[in-house]
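Take a look at the structure set out below.
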Protein chains: 2
Amino acid sequence: MLNRNRIVTAAVELIEREGADAVSMRRIAAELGVGVMSLYNHVPSKAALLDAVAEDVLSRIGFADDPSAHWTERVRIQARAFRRIAHHYPRCTMVVVSRQLSSTAGLLPVERALATLREAGFDGQEAVRMLRMFIAYVVGSLLREVGVTPTFAPVRADAVVAEADPALFPVLSELRPHLDSCDHDEEFEFGLELLVQAMAVRAAARAEAQAGREEGGRGGERAGRGGARQ
Amino acid sequence: MLNRNRIVTAAVELIEREGADAVSMRRIAAELGVGVMSLYNHVPSKAALLDAVAEDVLSRIGFADDPSAHWTERVRIQARAFRRIAHHYPRCTMVVVSRQLSSTAGLLPVERALATLREAGFDGQEAVRMLRMFIAYVVGSLLREVGVTPTFAPVRADAVVAEADPALFPVLSELRPHLDSCDHDEEFEFGLELLVQAMAVRAAARAEAQAGREEGGRGGERAGRGGARQ
DNA sequence: AGCGTGTCACGTACGCTGTACGTGCGTCAA
DNA sequence: TTGACGCACGTACAGCGTACGTGACACGCT
């Protein structure tokens, strides 16, 4: 019996196996051993199917949230969880990223992330902005890692850089060894750490201001929750 | 007379006017008042044409690099320059981002950026990583801002959040007003500032270590080039 | 048992796509 | 004059998404 789940799963597998370009309704139908139009009894359109694929992949994010850990560590964990599924479904990741989906699939991660940020001491506005910034970084990184990469992300610009005239691009030529190689794990962790530290600094500044205000109000007590360490 | 440039320009205009999905070789040919196959005398394939489009848009990045400015400000300026063309060609931006192109089109920005970072005191490896992180953030932000939907609905997950059960997603429901509205300019600047500050801190730490090493070597002089201010 | 209704797999068909290939016209070199 | 070449163009084909119709089957009601 054909159903929506079987179709989505087949689509995911097909995308991973042969790339998003290879996906067609006929191809998926063949994969399932059914007629093309049978699919439309369960999926309204190809676009909707791709949305479902994105949603499906997104919903696979694993959560091993450890409430006892420091919030900075929890942020790191969540970012890595996101990255992990992206690496598990690299080609589907492109579908996820390039598709503006509207469903509740990606809502749980958002809820968790916001809760973590509130816990860190940020107010609503700050928490949302931090999250948006974080998502931007993670998504941008994944775009680079997953292979579909704009030139300016000098990952595999090897060939290009090799051709570049050292006179025209002196710095670029000098840094070629670093541009050629790219350890995705290290790169990701580098940026992640920088971001987390920046957030921690912000949180500390916030706590400081808070303490100052309280001090001005009734004196004493230089509090320090939401530490900036590590 | 038909030529590659006219074709690319027509493609860019068509994409901006009607979206990337509306682009077909026939459509472009019609736009130029020529036969379909004439295009193939100047462009090897549709894929190559889209690459050319991406390259063309990318090459339009304006550079008003001010060497006298502090490096942190120069970083900001470069990021904004990137963002500006993305906003000028929003739909083409999706093409740029989702396409792996290999050409020298995006090389000049990279050269400038790396030069700026070297100037800030980072060594080669750090400069490259900072740049990659920055690009990830900018690209991720643009992906969010530019959206993918045919209509430029600034609407994000609003509708979804509205439907979300407050019991299941307490934080999310509480922060709904902040999630609903999204001033892209402010959001971008917020993340940009956080990143720049993080970089500045790193640069300062670097300078400190450097000074410490020199002090240990011959004593005195607590230098401070590459400040962390601002 | 007969019948209406609903679900679902499927075939056909239409308008669209990218592009391989052949053809004919214009211009230039020998 | 002749040959070669560049370039615009038409035709043709395989493949695409999907609107629509058809027929097989399962069901509750009379």
Side-chain angles (χ1 to χ4, degrees), chain A residues 1-56 91-92 94-96 98-103 148, chain B residues 1-57 91-92 94-96 98-103 148-151:
Chain A
M1 181 65 161
L2 198 54
N3 63 39
R4 186 185 149 102
N5 247 325
R6 291 222 305 141
I7 295 176
V8 172
T9 304
V12 169
E13 286 174 3
L14 185 57
I15 290 176
E16 286 308 324
R17 186 148 31 86
E18 309 195 17
D21 290 343
V23 173
S24 78
M25 297 304 267
R26 288 168 162 83
R27 199 81 176 61
I28 295 173
E31 210 80 13
L32 291 165
V34 301
V36 195
M37 294 315 289
S38 309
L39 302 177
Y40 287 90
N41 287 322
H42 307 272
V43 164
S45 70
K46 186 189 182 183
L49 173 55
L50 290 182
D51 282 342
V53 165
E55 193 176 325
D56 186 68
R91 307 180 113 147
C92 286
M94 283 312 297
V95 177
V96 173
S98 67
R99 203 144 263 281
Q100 182 132 13
L101 52 108
S102 54
S103 81
V148 182
Chain B
M1 181 65 162
L2 199 56
N3 64 40
R4 187 185 149 103
N5 248 324
R6 292 221 307 141
I7 296 175
V8 172
T9 304
V12 169
E13 287 174 3
L14 185 57
I15 291 176
E16 285 308 324
R17 185 148 30 88
E18 309 196 16
D21 289 343
V23 172
S24 79
M25 297 304 267
R26 286 179 227 273
R27 198 80 177 62
I28 295 172
E31 210 79 13
L32 291 166
V34 301
V36 194
M37 294 315 290
S38 308
L39 302 177
Y40 287 90
N41 286 323
H42 306 273
V43 163
S45 71
K46 186 188 182 182
L49 172 55
L50 289 181
D51 283 342
V53 165
E55 193 176 324
D56 185 67
V57 170
R91 308 179 117 148
C92 285
M94 285 311 298
V95 176
V96 172
S98 66
R99 200 143 267 278
Q100 174 155 10
L101 47 109
S102 54
S103 80
V148 200
T149 39
T151 58

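Sequence lines set the chain letters: A, B, ... in the order given, protein chains first and strands last, and positions in each chain run from 1.
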Completion exercise
So CG of A/D56 and CG of A/L50: to nearest 0.5 Å the spacing works out to 12.5 Å
Handout entry: All side-chain contact (heavy atoms from CB on, under 4.5 Å) counterparts of B/A47, not counting sequence neighbours
Key = B/S45, B/R99
Fill in the blank from the handout: When rounded to whole Å, the CG to P distance for the pair A/L49 and D/dG17 reads 10 Å
Handout entry: Residues in side-chain contact (heavy atoms from CB on, under 4.5 Å) contact with A/T9, at least two apart in sequence or another chain
Key = A/E13
Exercise for the section: Please state whether the phosphate of C/dC8, meaning OP1 or OP2, lies under 4.0 angstrom from any side-chain nitrogen or oxygen of A/S38. Expected result: no
Practice task
Going by the side-chain contact (heavy atoms from CB on, under 4.5 Å) test, name the single residue among A/I28, A/V23, A/L39 that passes it with A/L49.
Solution key: A/I28
Problem - salt bridge (charged side-chain N to carboxylate O under 4.0 Å, His left out) contacts in which one or both residues fall within residues 36-49 of chain B, not counting sequence neighbours - result: none
Practice task
List in chain and number order the residues that pass side-chain contact (heavy atoms from CB on, under 4.5 Å) with B/N3, two or more places apart in sequence or in another chain; answer none if no residue qualifies.
Solution key: B/N5, B/R6
Exercise for the section: Starting at atom CG of A/N41, determine the distance to atom P of C/dC8, rounded to an integer number of angstrom. Expected result: 7 Å
Practice task
Return the value, rounded to whole Å, for the distance between atom CE of A/M1 and atom P of D/dC25.
Solution key: 14 Å
Handout entry: Contact residues, residues 9-17 of chain A to DNA chain D [heavy atom, < 4.0 Å]
Key = none
Close N or O pairs between protein and nucleotides 18-21 of chain C (under 3.5 Å):
unit_1: C/dG18; atom_1: OP1; unit_2: B/M25; atom_2: N; d: 3.3
unit_1: C/dG18; atom_1: OP1; unit_2: B/K46; atom_2: NZ; d: 2.9
unit_1: C/dG18; atom_1: OP2; unit_2: B/M25; atom_2: N; d: 2.9
unit_1: C/dG18; atom_1: N7; unit_2: B/R26; atom_2: NH2; d: 2.6
unit_1: C/dG18; atom_1: O6; unit_2: B/R26; atom_2: NH2; d: 2.7
unit_1: C/dT19; atom_1: OP2; unit_2: B/Y40; atom_2: OH; d: 2.8
unit_1: C/dT19; atom_1: OP2; unit_2: B/K46; atom_2: N; d: 2.9

Exercise for the section: Could you list all the side-chain hydrogen bond (donor to acceptor under 3.5 Å, both in side chains) pairs where at least one residue sits in residues 32-42 of chain B, not counting sequence neighbours? Expected result: none
Exercise for the section: Using atom CZ of A/R4 as one end and atom C1' of C/dT7 as the other, report the distance to the nearest whole Å. Expected result: 18 Å
Problem - All side-chain contact (heavy atoms from CB on, under 4.5 Å) counterparts of B/A22, not counting sequence neighbours - result: B/E18
Handout entry: Distance, rounded to the nearest Å, where B/R6 contributes CZ and D/dC7 contributes C1'
Key = 14 Å
Problem - Any B/H42 side-chain nitrogen or oxygen under 4.0 Å from OP1 or OP2 of D/dA8 - result: yes
